[in-house]
Amino acid sequence: MKTVMSDIQKKVQKAIDELVDSGAERGMQVAVYRRGELAVDAVAGIADPATGRPVESDTPFYNFSIVKGAAATLAHMFVERGAFGYDTPLVDLWPEFGAHGKQKVTVRHVLSHTAGVPGIPLTTTPEDLCDWDKTCAAIADSELWWEPGTKIGYHAYTFGYLVGEVIRRATGKPISQVLLEEVSGPLSVGDELYFGMPGSEQPRLAVLEDAEVADGGVMAAMPPDLPMFKAGPLTVFPTAKLGNRADILAADIPAGGKTSARAIARMYAALLGEVDGVRLISPARLREATAVAMSGTDAIFGMPTKWGLGYAIGGLGSGSDGSTSVFGVGGAGGSFACGDTASGIAFAVTKNRLTSDFNAATQLSRLVTEALRER
């Protein structure tokens, strides 16, 4: 990876140094690719407060859902090769999934979060999440929350298992192996981008911590009848305690993953165009994947939402001006990764203090957008 030193690098470095020095953040990475070239590779702060180990450019972070983007990317690659189609019913590959009237759910429904299968059993334990076959069997045996394609609602955990099992049935391989063979290996980030991360590699991870919140924080302010609370038990909600567990880190739970900022930004850059000779999908496939597939009020979380096929559409904050050229996925705790088809920019921020907002990522995204607009 090239060493980058430029005005934009200096601006981003100053911003994240200030975030860490102020106590708002513990450790951070920001990476930006522009038209296939690394434009920013900035790090600040501490990966492990217990030892003082600093954040490096190759430090992986378990930033939960930002790696959903990698699961979606794999799906698009296999659609392009004809392994399955967007409109292939899941039962064609996974017959057991058709239980309780789910025969009409397609790959397109899964990618656009309209499948109507957003929940895992409320009896699910962290150990269950680590048991691929058990969790997939539970999802296959679940009932529809709505007719597929009629509503949109974030499939927080089920998205990863649904995409991963479709890929496993099509290839005969677990999704972590497919990720290495098809994406992280060819992009030379096999030691920075993971679903399941071997225990021998876990000491390199940034250690997560929960930000201090007043009065119970965001969760306490949410109405108790919000469907989110029926989509999974509180014991598997994304927290530092869950995200630092060795078994959770080692397991394939492709609703999230472990990555450095530069690894996931490199993936988005290779969706937008070529990166060192690697392009993951064709321009036509990218246009289809990033077109708005469904928008409306999220049936699980209650906020306005807009999805393409596997990527949320629109940038961070009010400054995103309703852009439909930005596609990506944010992670619980405030991390974010995306690409922009209009500017050719791929952007990622990872951090180990789990906040209840995206303020830092929004600030950094705006800084990058404005700085590169001036060039």
Open item on the list: Show, in sequence, the C-alpha distance, side-chain angles and deciding distance for Thr171 and Gln177, and conclude whether the side chain to side chain contact (heavy atoms under 4.5 Å, CB included) test is met.
Closed with: CA-CA 10 Å; Thr171 66; Gln177 181 181 345; over 6 Å; no

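- With hydrogens and angles ignored, the 3.5 Å screen pairs no side-chain donor or acceptor of Ser325 with any backbone N or O of Thr341.
- Side-chain heavy atoms closer than 4.5 Å link hydrophobic residues (I, L, V, M, F, W, Y) into clusters, and following such links, even through other members, never connects Val43 to Phe347.
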**Prompt:** Should Ser184 and Leu179 be marked as a side chain to side chain contact (heavy atoms under 4.5 Å, CB included) after you check the CA-CA gap, both sets of side-chain angles, and the distance that decides it?
**Reply:** CA-CA 6 Å; Ser184 61; Leu179 179 71; 4.2 Å; yes

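- Checking side-chain atoms of His76 against main-chain N and O of Thr73 turns up no donor-acceptor pair under 3.5 Å.
- Scanning all heavy atoms of the two residues, the minimum distance from Ser176 to Gly196 falls at CB-N, 4.3 Å.
- At a threshold of 4.5 Å between side-chain heavy atoms, the hydrophobic network of Ile, Leu, Val, Met, Phe, Trp and Tyr places Tyr161 and Ile66 in one connected group.
- No donor-acceptor distance shorter than 3.5 angstrom exists from the side chain of Lys351 to the backbone of Met28, with no hydrogens or angles considered.
- A donor-acceptor pair is defined here as one N or O able to donate and one able to accept, closer than 3.5 Å; no such pair exists between the side chain of His100 and the backbone of Gly98.
- Geometric assessment of Lys102 against the ring of Phe97 yields a positive cation-pi assignment under the 6.0 Å and 45° thresholds.
- Leu286 has its side chain within reach of Arg279: a pair of non-hydrogen atoms, C-beta onward, lies under 4.5 Å apart.
- For the residue pair Ala361 and Gly334, the shortest heavy atom distance occurs at CB-O, 3.6 Å.
- Rounded to the nearest 0.5 Å, atoms CG (Asp252) and CZ (Arg168) are 11.0 Å apart.
- Residues Lys173 and Glu181 form a side-chain contact, since some pair of their non-hydrogen atoms from C-beta on lies under 4.5 Å apart.
- Two different hydrophobic clusters hold Phe61 and Val207 under the rule that ILVMFWY side chains link at heavy-atom gaps under 4.5 Å.
- From Lys258, atom NZ reaches atom CD1 of Ile253 across 6.0 Å, with rounding to the nearest 0.5 Å.
- Aromatic ring pairs are classed by plane angle as parallel below 30°, tilted from 30° to 60° and perpendicular above 60°; the pair Tyr154 and Trp307 is parallel.
- Side-chain contact between Pro126 and Ile248 is present, with at least one heavy-atom pair separated by less than 4.5 Å.
- Side chain to side chain, Thr362 and Asn359 fail the donor-acceptor criterion of an N or O pair below 3.5 Å.
- Remark: the backbone N or O of Pro203 is paired with a side-chain donor or acceptor of Arg53 at under 3.5 angstrom.
- The minimum heavy-atom distance linking Val278 with Pro186 is given by the pair CG2-O, 3.6 Å.
- Asp141 places no side-chain N or O within donor-acceptor distance of the main-chain N or O of Ala137, the cut-off being under 3.5 Å.
- With hydrogens and angles ignored, the 3.5 Å screen pairs no side-chain donor or acceptor of Thr305 with any backbone N or O of Thr297.
- In this structure the side chain of Pro60 reaches within 4.5 angstrom of the side chain of Arg204, judged on heavy atoms.
- Distance alone, capped at 3.5 Å, places no donor-acceptor pair between the Glu209 side chain and the Asn352 backbone.
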Quiz prompt | Chi angles and distances behind the ring pair (Phe, Tyr, Trp, His ring centres under 6.0 Å) call for Tyr157, Phe159 | solution = CA-CA 6 Å; Tyr157 270 113; Phe159 178 92; over 10 Å; no

Verify side chain to side chain contact (heavy atoms under 4.5 Å, CB included) between Val117 and Ile139, making sure each step is shown before the conclusion.
CA-CA 8 Å; Val117 194; Ile139 294 169; 3.9 Å; yes

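- Among all heavy-atom pairs drawn from Tyr268 and Gly339, the shortest one is CD2-N, 3.6 Å.
- The pair Glu127-Lys134 does not meet the salt-bridge criterion, since no charged nitrogen lies less than 4.0 angstrom from a carboxylate oxygen.
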query = Should Leu129 and Val236 be marked as a side chain to side chain contact (heavy atoms under 4.5 Å, CB included) after you check the CA-CA gap, both sets of side-chain angles, and the distance that decides it?
reply = CA-CA 8 Å; Leu129 294 179; Val236 299; 3.6 Å; yes

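- In terms of heavy atoms, Ala299 sits closest to Lys151 at CB-CD, 4.5 Å.
- The distance from atom CG of Leu111 to atom OH of Tyr311, rounded to the nearest 0.5 Å, is 8.5 Å.
- Taking a cutoff of 4.0 Å between a charged side-chain nitrogen and a carboxylate oxygen, Arg266 and Asp41 do not qualify as a salt bridge.
- The cluster map of Ile, Leu, Val, Met, Phe, Trp and Tyr, joined by side-chain heavy atoms under 4.5 Å apart, puts Val349 and Leu19 in the same cluster.
- How far CZ of Arg285 is from OG of Ser282: 5.5 Å, rounded to the nearest 0.5 Å.
- Both Leu242 and Phe237 are members of a single hydrophobic cluster when ILVMFWY side chains are connected at heavy-atom separations under 4.5 Å.
- From Glu201, atom CD reaches atom CD of Glu192 across 11.0 Å, with rounding to the nearest 0.5 Å.
- Trp146 places a side-chain N or O within 3.5 Å of a backbone atom of Thr114 that can act as its donor or acceptor partner.
- Within the 4.5 Å cutoff, the side chain of Ile8 has no heavy atoms near those of the Val32 side chain.
- The side-chain heavy atoms of Tyr194 and Leu180, taken from C-beta on, include no pair separated by under 4.5 Å.
- Between the side chain of Gln29 and the main chain of Thr59, a donor-acceptor pair closer than 3.5 Å is present.
- Of all the heavy atoms in Ala138 and Pro121, the pair that sits closest is CB-CG, 3.8 Å.
- Within the 4.5 Å cutoff, the side chain of Thr369 has no heavy atoms near those of the Ile345 side chain.
- Between Gln363 and Glu18 the shortest side-chain heavy-atom distance does not fall below 4.5 Å.
- Note that the NE2 atom of His113 and the CG atom of Leu309 stand 10.0 Å from one another [nearest 0.5 Å].
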